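Numbers here are sequence positions counted from 1. Note that the structure is predicted; figures quoted are calculated from it, not measured.
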Amino acid sequence: MAVVISAQTALSTAANTKTADLVSGTYQFIGKGKVTLAAKGSATGMYITCLVGGIALVNDQPIPYTGTAGTISVNDNIITSQVMNGGRVELYLRNTTGGALTTDVLLLFEPA
């Protein structure tokens, strides 16, 4: 059974900025298991980075824009799903546009 490491709904990121680390608390450090990242941006121009134990699962890659209708879905909006040895989890968003954008993000962990 997966646990939620980080969940953000309509997280606003200002123009041309990068967020602070979006992972803190209980699941900032994980053991071996599957990490699944799903994200949905409000427009093109949002980039995402996810690191586990210093290894980039996604390194400053664009979040595919599929429209703003509907909610985030682990089935439809997966960015990556990978088994990792564990370590510190880090998650960042970067806005490359001239205006504020919102993003929904769901980061899950399933212990091995």
Side-chain angles (χ1 to χ4, degrees):
M1 178 175 201
V3 294
V4 177
I5 295 175
S6 181
Q8 309 293 326
T9 304
L11 175 68
S12 183
T13 307
N16 296 306
T17 61
K18 182 177 178 180
T19 64
D21 188 358
L22 299 175
V23 179
S24 63
T26 303
Y27 296 109
Q28 187 174 10
F29 294 92
I30 60 171
K32 184 176 182 176
K34 183 169 80 169
V35 177
T36 301
L37 173 63
K40 184 172 185 171
S42 63
T44 60
M46 286 301 297
Y47 286 68
I48 193 162
T49 297
C50 183
L51 306 156
V52 177
I55 299 170
L57 295 178
V58 178
N59 191 9
D60 204 36
Q61 297 298 310
I63 297 172
Y65 175 68
T66 56
T68 57
T71 59
I72 190 170
S73 165
V74 175
N75 295 323
D76 299 330
N77 304 114
I78 285 186
I79 303 296
T80 188
S81 185
Q82 180 71 40
V83 174
M84 299 296 295
N85 283 330
R88 180 172 182 229
V89 181
E90 300 171 75
L91 180 64
Y92 304 94
L93 296 173
R94 186 171 66 91
N95 181 352
T96 63
T97 71
L101 296 177
T102 60
T103 309
D104 296 338
V105 177
L106 185 58
L107 183 60
L108 304 171
F109 172 65
E110 188 174 342

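Closest approach of Thr49 to Asp60, counting heavy atoms only: OG1-N, 2.9 Å. The minimum heavy-atom distance linking Cys50 with Leu37 is given by the pair CB-CD2, 3.9 Å. In plain terms, the two heavy atoms of Tyr65 and Thr44 that are nearest each other are CB-CG2, 3.6 Å. Scanning both residues, Ile48 and Ala39, for their nearest heavy atoms gives CD1-CB, 4.0 Å. Shortest non-hydrogen contact noted between Val35 and Leu107 is CG1-CD1, 3.6 Å. Closest heavy-atom contact between Ser12 and Ala100: OG-CB, 4.0 Å.
Atoms CG and CG, from Leu93 and Asn95 in turn, are 9.5 Å apart once rounded to the nearest 0.5 Å. To the nearest 0.5 Å, atom NZ of residue Lys32 and atom CZ of residue Phe109 are 10.5 Å apart. The distance from the NZ atom of Lys34 to the CE atom of Met84 is 14.0 Å, given to the nearest 0.5 Å. Distance check, rounded to the nearest 0.5 Å: CG of Leu11 to CG of Asp104 gives 9.0 Å.
Of the possible polar contacts, none joining the Thr103 side chain to the Gly41 backbone as a donor-acceptor pair under 3.5 Å is found. Thr97 places no side-chain N or O within donor-acceptor distance of the main-chain N or O of Gly45, the cut-off being under 3.5 Å. Side-chain atoms of Asn77 do not come within 3.5 Å of backbone N or O of Lys40 as any donor-acceptor pair. For Gln61 (side chain) and Asn59 (main-chain N/O), a donor-acceptor pair under 3.5 Å exists by modelled atom type. In terms of modelled atom types and a separation under 3.5 Å, the side chain of Thr19 and the main chain of Tyr92 share no donor-acceptor contact.
Residues Val83 and Ile78 do not share a hydrophobic cluster, defined by chaining ILVMFWY side chains whose heavy atoms lie under 4.5 Å apart. Transitive grouping of hydrophobic side chains (ILVMFWY, heavy atoms separated by less than 4.5 Å) keeps Ile55 and Phe29 in distinct clusters. The cluster map of Ile, Leu, Val, Met, Phe, Trp and Tyr, joined by side-chain heavy atoms under 4.5 Å apart, puts Tyr47 and Leu101 in different clusters. Both Val3 and Ile30 sit in one connected hydrophobic cluster of ILVMFWY residues. Membership requires side-chain heavy atoms under 4.5 Å apart, directly or through other members. Neither Leu106 nor Val58 shares a network with the other; the hydrophobic side chains, linked directly or stepwise wherever heavy atoms of I, L, V, M, F, W or Y lie under 4.5 Å apart, form separate groups for each.
A salt bridge (Lys or Arg N to Asp or Glu O under 4.0 Å) check over residues 8-26, counting only residues at least two apart or in different chains, returns the pairs Asp21-Arg88.
Each of Ile5, Leu108, Val89 was evaluated against Tyr27; a single residue qualifies, Ile5, per the side chain to side chain contact (heavy atoms under 4.5 Å, CB included) test.
A heavy-atom distance below 4.5 Å is found between the side chains of Ile79 and Pro64.
Asp76 pairs by the salt bridge (Lys or Arg N to Asp or Glu O under 4.0 Å) definition with nothing, not counting sequence neighbours.
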